[in-house]
Amino acid sequence: MSLHMDLALKEARAAAERGEAPIGAVIVRGGTVLASAGNRTIELADPTAHAEILVIRAACALAGSQRLPDCDLYVTLEPCTMCAAAISFARIRRLYYGAQDFKGGAVESGVRFFADPTCHHAPDVYSGMAERESAQLLRDFFAGLRKGA
């Protein structure tokens, strides 16, 4: 497993501790971490505050550009349609993700956003990185919610 995915998992664990879905993301340029984030939809009362959106916003602000063509994104869960669109518009070079999301994913599940001919830019995609750890975080988190309900 890569150090960058380790950091994404750390962000996912921190999100879980805040009561958020345990999803973490990291953007890297040339081996240097530009930004990292975890989900904050509840904390910010913002349905767009997914880890991927937050990390793209932070990296773009740091880069002073709306595009990140020389950057790679590491995320613990397959991105949804909204996040896939943001990845495309930001021109992210490579996407590495952990667990597949059969219900809400949009990369290799669901709508397969990057395969659509209307997609502006499709990153190179590498799935299954830290898949077990990513999936286990999600299973444990949602099992805990069900116990508390």
Side-chain angles (χ1 to χ4, degrees), residues 1-29 32-63 66 68 71-116 119-149:
M1 181 172 13
S2 85
L3 295 174
H4 302 108
M5 188 55 91
D6 283 343
L7 181 54
L9 285 164
K10 181 179 175 184
E11 288 286 352
R13 288 183 198 98
E17 289 173 13
R18 294 190 302 272
E20 302 275 0
I23 301 163
V26 175
I27 289 187
V28 177
R29 176 191 286 150
T32 301
V33 173
L34 294 183
S36 62
N39 271 15
R40 292 187 180 275
T41 59
I42 297 167
E43 176 186 340
L44 299 176
D46 178 357
T48 70
H50 290 197
E52 300 96 322
I53 300 295
L54 296 174
V55 80
I56 288 170
R57 287 177 183 161
C60 284
L62 186 66
Q66 67 179 4
L68 303 166
C71 293
D72 301 333
L73 171 63
Y74 294 79
V75 63
T76 57
L77 183 67
E78 178 182 3
C80 69
T81 306
M82 174 183 69
C83 293
I87 291 164
S88 177
F89 285 121
R91 306 296 196 267
I92 299 287
R93 177 177 56 184
R94 292 184 197 109
L95 167 64
Y96 299 88
Y97 74 83
Q100 195 167 8
D101 185 353
F102 297 103
K103 184 176 179 184
V107 177
E108 295 177 321
S109 305
V111 301
R112 296 178 181 242
F113 185 86
F114 300 130
D116 193 284
C119 178
H120 293 282
H121 165 79
D124 294 332
V125 175
Y126 303 90
S127 60
M129 183 177 273
E131 183 175 14
R132 284 190 204 126
E133 297 91 338
S134 298
Q136 191 63 52
L137 273 173
L138 289 158
R139 277 193 298 274
D140 292 348
F141 178 80
F142 288 108
L145 287 181
R146 285 190 293 275
K147 282 183 184 177

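Along the sequence shown, residues are numbered consecutively beginning with 1.
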Practice problem: Report the C-alpha distance between Cys60 and Leu68 in whole Å, list the side-chain angles of each, state the deciding distance to 0.1 Å, and finish with yes or no for side chain to side chain contact (heavy atoms under 4.5 Å, CB included). | Solution: CA-CA 7 Å; Cys60 284; Leu68 303 166; 3.8 Å; yes
What are the two closest non-hydrogen atoms of [X] and [Y], and how far apart are they?
X	Y	result
His4	Val26	O-CG2, 3.7 Å
Ala59	Ala35	N-CB, 3.9 Å
Ala37	Ala51	O-CB, 3.7 Å
Cys83	Glu52	SG-OE1, 3.5 Å

Rounded to the nearest 0.5 Å, how far apart are [atom1] of [X] and [atom2] of [Y]?
X	Y	atom1	atom2	value
Leu54	Ser36	CG	OG	10.5 Å
Tyr97	Ile23	OH	CD1	13.0 Å
Leu137	Glu133	CG	CD	8.5 Å
Asp116	Thr81	CG	OG1	10.5 Å
Leu62	Arg29	CG	CZ	7.5 Å

Beyond-backbone contact of [X] with [Y], side-chain heavy atoms, under 4.5 angstrom:
X	Y	result
Phe114	Ile87	yes
Leu7	Tyr74	no
Arg91	His120	yes
Thr48	Arg57	yes
Asp46	Arg40	no
Pro79	Val107	yes
Pro22	Leu138	yes
Val55	Leu73	yes

For [X] and [Y], indicate whether the former's side chain and the latter's backbone hold a donor-acceptor pair under 3.5 Å.
X	Y	result
Arg18	Asn39	yes
Glu20	Thr41	yes
Glu78	Asp101	yes
Thr76	Gly24	yes

Which atom pairs, donor and acceptor, lie under 3.5 Å between side-chain atoms of residues 121-132 and protein residues at least two apart or in another chain?
residue: His121; atom: NE2; partner: Ile92; partner atom: O; Å: 2.7
residue: Ser127; atom: OG; partner: Glu108; partner atom: OE1; Å: 3.0

